[in-house]
Peer 1: 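I'd like to ask you about the structure that follows.
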2 protein chains.
Amino acid sequence: MSKKEVVHLYKKVIEDLKSLIEKGEYKKGDLLPSENDLCRSYDTTRVTIRQALSALANMGYITRKHGKGSIVSEPKTGLGILSLSGVTVGVGDQKLTTSILQKPTKQNWPDDFFYQLDEIESDAGCIFFSRLRYIDNVPVLYEETHITNVDLPHFSSRSLENRSLFKILKDNYKIEVKEGEQKIWAIHADKNISALLNIKTTHPIVHMKRRLQTNNKKLRIYSSLYCNTEENFLQDSF
Amino acid sequence: MSKKEVVHLYKKVIEDLKSLIEKGEYKKGDLLPSENDLCRSYDTTRVTIRQALSALANMGYITRKHGKGSIVSEPKTGLGILSLSGVTVGVGDQKLTTSILQKPTKQNWPDDFFYQLDEIESDAGCIFFSRLRYIDNVPVLYEETHITNVDLPHFSSRSLENRSLFKILKDNYKIEVKEGEQKIWAIHADKNISALLNIKTTHPIVHMKRRLQTNNKKLRIYSSLYCNTEENFLQDSF
DNA sequence: GAAATTAACTTGTATATACAAGTTAATTTC
DNA sequence: GAAATTAACTTGTATATACAAGTTAATTTC
């Protein structure tokens, strides 16, 4: 977009440090540069740096030790879908890929939708699509997503294959996921889900329904997920 | 304890507002007093108030709206065990009770314990106990807990029935839970768990393993939980 | 009376600074 | 050379202040 994009400093610090950790420049047990060192690097004050470090701690990247420093946490080995990071999988040889089963299409909200919608949302309708996620070519997660159809021109024609929904929303529409809530059950897979995940219907799976808020107050992201945790447990920090 | 206990102001603000929300003085959709109003009430500055409000937002009690205020979130209707709040259940008629199946006893760590222990922990041994939780007299959650046996005199003789472990640790030992991590699976209940939860062994349940850090760096809390989510889904905000 | 504009609120981002409390390294003492 | 003490680091809590940006109420204009 032609309008110059402002990136707040504390967010840049978050992204910079997150990248370094994810790339392996800082490993489990390493200390990040001290708050004072980071102040010098970014020519800023401790309040700004501390806000960034606090966010990284909340996301599980680091642990703060009084008097010692910010210690890099153990990388996740499980499937990370319980937070705002989008779907992640532990480092190592494992490869997460995504295929689109139902391309984004505009539609009305289903009757008896699993979350209560407000009037703006009801009137706007939604964009629906579904994805199947694989770890090392084994299907592990099926996800149906409804997004409030507000401020999303040309979204239906975008390709989501192997791309992050959150990143597409951010890069193309300036939409950032801010917070969310979720409900979790253990269920038996029905015939459709067991076919998709390549498991028996007697197999227990984790079922989640999530509602995510974004910086666009009219636009929410609703997901219904079915996850086979036999080989890949879900993992979360808090 | 005879030593005068310092309560930091931002923590007092958190506890005060949390209490008011939990008591229903502020309801879903209500606005909390503005940051400036709270500054006047507590004779402090916005940085301190904002730190408290940020913590409340992270725990899912409020949602922050730029230019509008702090809005009280919808109370949870599900079973809250996915965060640092200890076990909670939604408001309403539902009643959460706890019975102690295995009283706290000192023991060595089990072989092949489900989390990797450091040397201090291995040497210290642990305190083990188990609890069964009921909602309206229906068993829904079985939990086995190991706590590093450090700085916990007389813990084994304490009664945990219908009491919060976190509160006991805080009030009697100044131990506060700070952060944690968890792994989640959907599994079939084995014979023992199905008997405890009063379900069939073919029944899918949520299984979790958690490791919690405390302000005492030598003392961690490890839990293994089995939860029947048929009537009571797990609920979480982030 | 409706629409546009302005004012007064709110939270968000940020600078500057000080002291408390925990950790580790350097120094001193014996 | 070991133990005790001190110094220099770290993060934690807090005050003070300013401006940006979003929301809502009040005022002005037509």
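FYI, side chains are in, hydrogens and waters are out, and symmetry mates aren't considered; it's all heavy atoms of this structure. Numbers restart at 1 for each chain; the letters A, B, ... are given by sequence-line order, proteins then strands. For clarity, every value in this text was computed on a predicted model and none was experimentally measured.
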Peer 1: D:dT11 P sits how many Å from A:L56 CG, rounded?
Peer 2: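 In whole Å, D:dT11 P lies 13 Å from A:L56 CG.
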
Peer 1: According to the interplanar angle, ranging from 0 to 90°, do the rings of B:H146 and B:F128 count as parallel (below 30°), tilted (30 to 60°) or perpendicular (above 60°)?
Peer 2: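 Geometry flag for B:F128 against B:H146: tilted rings.
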
Peer 1: Answer with base, sugar-phosphate or nothing: what part of the nucleic acid does A:L53 contact at a heavy-atom distance below 4.0 Å?
Peer 2: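 No contact at all - A:L53 keeps every heavy atom at 4.0 Å or more from the nucleic acid.
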
Peer 1: Establish, with yes or no, whether the OP1 or OP2 oxygen of D:dT10 is under 4.0 angstrom from a side-chain nitrogen or oxygen of A:S34.
Peer 2: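 For A:S34, the contact criterion (side-chain N or O under 4.0 Å from OP1 or OP2 of D:dT10) is met.
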
Peer 1: Does D:dT13 have OP1 or OP2 under 4.0 Å away from a side-chain N or O of B:T48?
Peer 2: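 Result: no.
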
Peer 1: Could you check how far NZ of B:K218 sits from C1' of C:dG22, rounded to whole Å?
Peer 2: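 One finds 13 Å between C1' of C:dG22 and NZ of B:K218, rounded.
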
Peer 1: Using the closest heavy atom to pick a nucleotide of DNA chain C for each, name whichever of B:G67 or A:D43 lands nearer the 5' end.
Peer 2: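 Residue closer to the 5' terminus by nearest nucleotide: B:G67.
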
Peer 1: Is the shortest side-chain N/O distance from A:R46 to OP1 or OP2 of C:dA16 below 4.0 Å?
Peer 2: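 So the side chain of A:R46 is outside the cut-off, no N or O lying under 4.0 Å from OP1 or OP2 of C:dA16.
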
Peer 1: Please evaluate residues B:E74 and A:E181 with respect to the criterion side-chain contact (heavy atoms from CB on, under 4.5 Å), reporting the C-alpha separation (whole Å), side-chain torsions for both, the decisive distance (0.1 Å), and the verdict.
Peer 2: CA-CA 10 Å; B:E74 182 155 8; A:E181 58 191 332; 5.6 Å; no

Peer 1: When the distance from CG of A:N215 to P of D:dA21 is rounded to whole Å, what number comes out?
Peer 2: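 Going from A:N215 (CG) to D:dA21 (P), I get 14 Å.
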
Peer 1: Could you check how far CD1 of B:I49 sits from C1' of C:dG12, rounded to whole Å?
Peer 2: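 Distance check: B:I49 CD1 to C:dG12 C1' gives 16 Å.
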
Peer 1: Check step by step if side-chain hydrogen bond (donor to acceptor under 3.5 Å, both in side chains) holds for A:Y115 and A:E121.
Peer 2: CA-CA 11 Å; A:Y115 264 106; A:E121 289 184 291; over 6 Å; no

Peer 1: Is the phosphate of D:dT10, meaning OP1 or OP2, less than 4.0 Å from a side-chain N or O of A:N36?
Peer 2: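 True: A:N36 side-chain N/O within range (under 4.0 Å) of D:dT10 OP1/OP2.
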
Peer 1: In sequence, state the C-alpha distance, the side-chain angles, and the governing distance for B:N149 and B:W109, and then conclude on side-chain contact (heavy atoms from CB on, under 4.5 Å).
Peer 2: CA-CA 10 Å; B:N149 190 10; B:W109 294 97; over 6 Å; no

Peer 1: With a cut-off of less than 4.0 Å, is there a side-chain N or O of B:K65 near OP1 or OP2 of D:dG22?
Peer 2: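 So the side chain of B:K65 is outside the cut-off, no N or O lying under 4.0 Å from OP1 or OP2 of D:dG22.
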
Peer 1: Looking only at heavy atoms, what is the nearest atom pair of B:V72 and B:K27, with distance?
Peer 2: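 Looking at all heavy atoms of both residues, the shortest contact is CB-O, 3.2 Å.
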
Peer 1: Can you tell me if the side-chain N/O atoms of A:R64 get under 4.0 Å from OP1 or OP2 in D:dG12?
Peer 2: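 Affirmative; the distance criterion is met.
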
Peer 1: Between A:H8 and B:L32, just flag the one whose closest nucleotide in DNA chain C comes earlier from the 5' side.
Peer 2: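 Counting from the 5' end, the first nearest nucleotide belongs to B:L32.
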
Peer 1: Under a 3.5 Å limit for both distances, which nucleotide forms a Watson-Crick or G-U wobble pair with C:dA2, could you say?
Peer 2: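 Result: D:dT29.
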
Peer 1: Measure NE2/A:H66 against C1'/D:dC9 and give the value in whole Å, please.
Peer 2: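 About 12 Å, once rounded to whole Å.
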
Peer 1: Expressed in angstrom and rounded to an integer, what is the separation of A:L38 atom CG from D:dT10 atom C1'?
Peer 2: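 From A:L38 CG to D:dT10 C1': 12 Å.
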
Peer 1: Between P on D:dC19 and CD on B:E35, what's the gap in Å once rounded to a whole number?
Peer 2: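 Value for this atom pair: 18 Å.
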
Peer 1: What is the pairing partner of D:dG22, taking Watson-Crick or G-U wobble pairs with both distances under 3.5 Å in any strand?
Peer 2: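 Its partner is C:dC9.
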
Peer 1: Let me spell it out: for each of A:D37 and B:K68, pick the nucleotide of DNA chain D with the closest heavy atom. Which residue's pick is nearer the 5' end?
Peer 2: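 Nearest nucleotide further toward 5': that of A:D37.
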
Peer 1: Anything under 30° is parallel, anything over 60° is perpendicular, the rest tilted; go ahead and classify A:Y222 against A:F114.
Peer 2: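 Perpendicular, since the angle between the ring planes exceeds 60°.
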
Peer 1: What is the distance, to the nearest angstrom, from the CZ atom on B:R50 to the C1' atom on D:dT17?
Peer 2: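 Value for this atom pair: 14 Å.
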
Peer 1: Give a yes/no answer on whether the side chain of B:Q51 brings an N or O atom under 4.0 Å of OP1 or OP2 in D:dA14.
Peer 2: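 Looking at the OP1 and OP2 atoms of D:dA14, neither is under 4.0 Å from any side-chain N or O of B:Q51.
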
Peer 1: Does C:dA14 have OP1 or OP2 sitting under 4.0 Å from an N or O in the side chain of A:T44?
Peer 2: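 It does not, given that no N or O in the side chain of A:T44 lies less than 4.0 Å from OP1 or OP2 of C:dA14.
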
